[in-house]
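I have placed the structure first, in the form of structure tokens, so that the comments after it can refer back to it.
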Amino acid sequence: GHYRGTITEDWVLRPLPQGGVVTAMAVRAMQDELDHPEQRLRTLHTSFVGQVGAGPVEVEVEVLRRGRSMSHARAEVRNPGTGRGHLTTAIFGAARRGFHFTDLEPPAERTPPAECRSFRDPVPEGVEPFPPMPFWDRVVEGRAVTGHPPWEDYVPDRAEHVIWYRFDDPPHLEDGELDPLGLPVLVDTMPGAVAEKLGPGQRDWFAPSVDLTLHLLAEWRSPWVLAHNRARHAGAGYASADMALWDCGDDGTGEPRLVAYGTQVFLFSFPPS
């Protein structure tokens, strides 16, 4: 039940590592402790209780229930010597007899990733470049389908945007499927919908995660994932958002399949002006 690991600086998003990768580390340790490969990850919930910084981490796993077809576990990831970190509860289950449907529509706008602007493209002439972040430069590439870049002047409308995401080093499993533990990383990017709603001219703000819930729904086999992100409410210094992740084939033009759905509450933090 005791594991150790390291989070490199590549995963840092001002000023701490991205919460999704910390969640993925917790679930990986739980999978190892349960040793039930026939039971896939079905759902998880992470509470971001204490900060987890880059560098060495410890993972403590507790098996809550080990069943024949479903198991429950809990894990905490923290830096050595700290009191608390990120607490994740996860449920693993084998395939069962049941029903099949998806009653959620993919975004209407699905311009293929090859035709979309990348986060890594140079900013227009006259726009001050943004401070580089290794996460977006070397780990995950994003390409916007809808929404506005920070330098564009526009009239805000909906708290919604659509982004293509892919890993520079895709986490493949032996059967060719992409590792579902990459999905918490991609889904923990929900504050973007709030930025779209607020529009230009806002003071600098950050959005540390309060929690993250993710439902794993289907196999993920294509490198590009279409992320449909919406913020539902903001008030009292917090915001509530959700995200649906769709697999649309290798080039993004195939029939969309819903692979994961996540929800999150985050808070607003403002650096000293």
Side-chain angles (χ1 to χ4, degrees), residues 11-23 43-52 84-89 103-109 116-117 119 127 130-131 133 135-136 140 142-165 183-215 225-246 258 260-273:
W11 295 93
V12 171
L13 278 176
R14 300 185 301 179
L16 296 165
Q18 202 256 7
V21 73
V22 182
T23 296
T43 182
L44 65 84
H45 178 81
T46 297
S47 295
F48 298 88
V49 180
Q51 294 184 346
V52 176
R84 284 297 183 188
H86 296 184
L87 286 161
T88 299
T89 303
D103 195 18
L104 182 67
E105 293 294 326
E109 178 61 58
C116 296
R117 180 184 177 87
F119 291 180
V127 174
F130 300 99
M133 284 190 278
F135 179 85
W136 294 116
V140 172
R143 297 192 177 192
V145 178
T146 68
H148 300 80
W151 58 81
E152 188 173 319
D153 189 19
Y154 67 96
V155 177
D157 185 15
R158 294 182 57 82
E160 177 181 19
H161 71 177
V162 181
I163 304 288
W164 290 105
Y165 290 130
L183 296 174
V185 175
L186 303 183
V187 83
D188 189 27
T189 55
M190 297 190 210
V194 170
E196 180 66 20
K197 177 67 174 180
L198 296 178
Q202 304 295 325
R203 62 172 295 188
D204 288 343
W205 56 275
F206 302 108
S209 300
V210 174
D211 77 338
L212 175 67
T213 296
L214 180 62
H215 299 168
V225 173
L226 186 64
H228 188 190
N229 175 207
R230 293 160 294 189
R232 302 299 190 172
H233 175 80
Y238 300 86
S240 175
D242 64 39
M243 181 180 285
L245 297 179
W246 299 85
L258 183 64
Y261 176 79
T263 62
Q264 184 170 64
V265 170
F266 45 86
L267 57 85
F268 295 108
S269 177
F270 301 91
S273 54

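Count residues from 1 along the sequence. Nothing here was measured: the structure is a model prediction, and the numbers come from that model.
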So do L214 and T43 actually touch side chain to side chain, heavy atoms under 4.5 Å? no

Between V140 and F135, is there a side-chain heavy-atom distance shorter than 4.5 Å? yes

Between the CZ atom in F266 and the CG atom in D188, the distance rounded to the nearest 0.5 Å is 10.0 Å

Applying salt bridge (Lys or Arg N to Asp or Glu O under 4.0 Å), name anything that partners R84, two or more places apart in sequence or on another chain. E76

Might you confirm whether atom CZ of F270 has over 12 heavy atoms from other residues, nucleotides or ligands at distances under 6.0 Å? yes

What's the shortest heavy-atom distance between A193 and A231, and which atoms? CB-N, 3.5 Å

What are the two closest non-hydrogen atoms of C116 and V145, and how far apart are they? SG-CG2, 4.0 Å

Which pair of heavy atoms, one from P200 and one from D153, lies closest together, and at what distance? CG-OD1, 3.6 Å

Pairs involving residues 191-203, ordered by first then second residue, that meet side chain to side chain donor-acceptor pair (under 3.5 Å) (sequence neighbours left out): H148-E196

So, taking the atom named OG1 in T88 and the one named CG in L44, what distance separates them when rounded to the nearest 0.5 Å? 6.5 Å

Atom pair CG (N229) and CG (L186), whose distance is rounded to the nearest 0.5 Å: 12.5 Å

Less than 4.5 Å apart, side chain to side chain, heavy atoms only: is that true for S269 and W205? no

Going by heavy atoms in the side chains, are P107 and L226 under 4.5 Å from each other? yes

Closest non-hydrogen contact found for F268 with A239 is CZ-CB, 3.8 Å

Here the gap from Y261 atom OH to H228 atom NE2, rounded to the nearest 0.5 Å, amounts to 10.5 Å

As an exercise, state the distance from CD1 of I163 to CZ of F119, rounded to the nearest 0.5 Å. 4.0 Å

Have T213 and H45 got a donor and an acceptor in their side chains that come within less than 3.5 Å? yes

Do the non-hydrogen side-chain atoms of L16 and V52 ever get within less than 4.5 Å of each other? no

Smallest separation among heavy atoms of L245 and A227, with atom names: CD2-CB, 3.6 Å

Could you tell me whether the side chain of Q18 and the main chain of V12 form a donor-acceptor pair under 3.5 Å? no

Mind checking whether V210 and Y238 have side chains closer than 4.5 Å, heavy atoms only? yes

Does a side chain donor of either S209 or Q264 reach within less than 3.5 Å of an acceptor in the other side chain? yes

Verify whether one side chain among Q51 and H86 offers a donor that lies under 3.5 Å from an acceptor in the other. no

Checking T46 against D211: is there a side-chain donor and acceptor pair closer than 3.5 Å? no

What one should report as the nearest heavy-atom pair of M190 and L212 is CE-CD1, 3.9 Å

Does atom CZ (R117) have a neighbourhood of more than 12 heavy atoms from anything else shown, all under 6.0 Å? yes

Considering only heavy atoms from C-beta outward, does the side chain of F48 approach that of P208 to under 4.5 Å? no

Just checking, is any N or O donor in the side chain of T189 or Y165 under 3.5 Å from an acceptor N or O on the other one? yes

Separation of R230 CZ from S240 OG (nearest 0.5 Å): 11.5 Å

